[in-house]
Enquirer: 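Pasting in a structure now, in structure tokens, and then I'll have a few things to ask.
Keep in mind the model is a prediction, meaning the values are calculated, not measured.
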Amino acid sequence: MAEVLISKPLSRYTGNKRKLQLKGHTVLELLRELADECPDLKDKVIKGSGLSKLVIVYVNGKDIRLLNDEDTVVDDKCEIRLLEALAGG
């Protein structure tokens, strides 16, 4: 199981859990499992058949947008960080 670290602002949707152990072979699979486990978080992480733009995901300290995006492969040794995206002007 991969370790998923949830940022403080997003933890309000996980029952204040900041660290979870989840299964998945890709970032998308992992975050779908997270959405199933924490339904209040689903709209923040999943949009249609892919990832929402409301979150930024890091795998082992690297932004997945610079890797293979939602298809980035994860394993039991990976640390995934989930941050809320900021927007504004």
Side-chain angles (χ1 to χ4, degrees):
M1 291 188 164
E3 184 173 70
V4 179
L5 303 174
I6 308 294
S7 67
K8 179 77 171 159
L10 291 174
S11 70
R12 67 179 173 243
Y13 304 108
T14 64
N16 293 317
K17 295 177 189 170
R18 301 280 311 272
K19 190 183 294 188
L20 297 122
Q21 298 290 324
L22 299 170
K23 291 181 185 178
H25 294 94
T26 66
V27 168
L28 183 58
E29 288 177 11
L30 196 83
L31 293 184
R32 282 189 177 144
E33 183 177 332
L34 175 62
D36 288 343
E37 189 170 316
C38 303
D40 291 341
L41 189 59
K42 183 175 184 174
D43 291 339
K44 298 285 185 196
V45 297
I46 302 294
K47 176 84 171 178
S49 63
L51 292 183
S52 167
K53 301 295 182 198
L54 299 175
V55 293
I56 299 172
V57 182
Y58 290 87
V59 174
N60 296 329
K62 295 183 181 173
D63 189 329
I64 63 166
R65 295 174 294 186
L66 302 175
L67 300 170
N68 289 324
D69 209 21
E70 63 191 29
D71 296 322
T72 300
V73 176
V74 295
D75 60 31
D76 293 347
K77 295 178 180 131
C78 288
E79 179 185 270
I80 292 83
R81 288 186 181 270
L82 190 62
L83 305 172
E84 194 167 29
L86 300 177

Enquirer: Below 4.5 Å, heavy atoms only, C-beta onward: do R32 and I46 meet side chain to side chain?
Expert: yes
Enquirer: Could you check if a side-chain atom of K19 sits within less than 4.5 angstrom of a side-chain atom of S11, using non-hydrogen atoms only?
Expert: no
Enquirer: What distance do L5 atom CG and L10 atom CG have between them, rounded to the nearest 0.5 Å?
Expert: 12.0 Å
Enquirer: Looking at CG of L28 and CG of L51, how far apart are the two atoms once the value is rounded to the nearest 0.5 Å?
Expert: 5.5 Å
Enquirer: Does any part of the side chain of V45, heavy atoms only, come nearer than 4.5 Å to the side chain of S52, both counted from C-beta?
Expert: no
Enquirer: Are any non-hydrogen side-chain atoms of K8 and E84 less than 4.5 angstrom apart?
Expert: no
Enquirer: Could you measure the distance from the NZ atom of K77 to the CD atom of E3? Nearest 0.5 Å is fine.
Expert: 14.5 Å
Enquirer: Answer yes or no: is there a side-chain heavy-atom contact under 4.5 Å between V73 and H25?
Expert: no
Enquirer: E37 versus L20: any side-chain heavy-atom pair under 4.5 Å?
Expert: yes
Enquirer: Taking the side chain as every heavy atom from C-beta outward, state whether D63 and I56 have any pair of such atoms under 4.5 Å apart.
Expert: yes
Enquirer: Distance from L31 atom CG to E70 atom CD, nearest 0.5 Å?
Expert: 9.5 Å
Enquirer: In Å and rounded to the nearest 0.5 Å, what is the NZ to NZ distance from K53 to K44?
Expert: 16.0 Å
Enquirer: Where do C78 and N60 come nearest, in terms of heavy atoms and distance?
Expert: CA-OD1, 3.5 Å
Enquirer: Going from CD1 on I6 to CG on L82, what distance comes out if it is rounded to the nearest 0.5 angstrom?
Expert: 4.5 Å
Enquirer: Looking at side-chain heavy atoms only, is the closest gap between Y58 and L83 below 4.5 Å?
Expert: yes
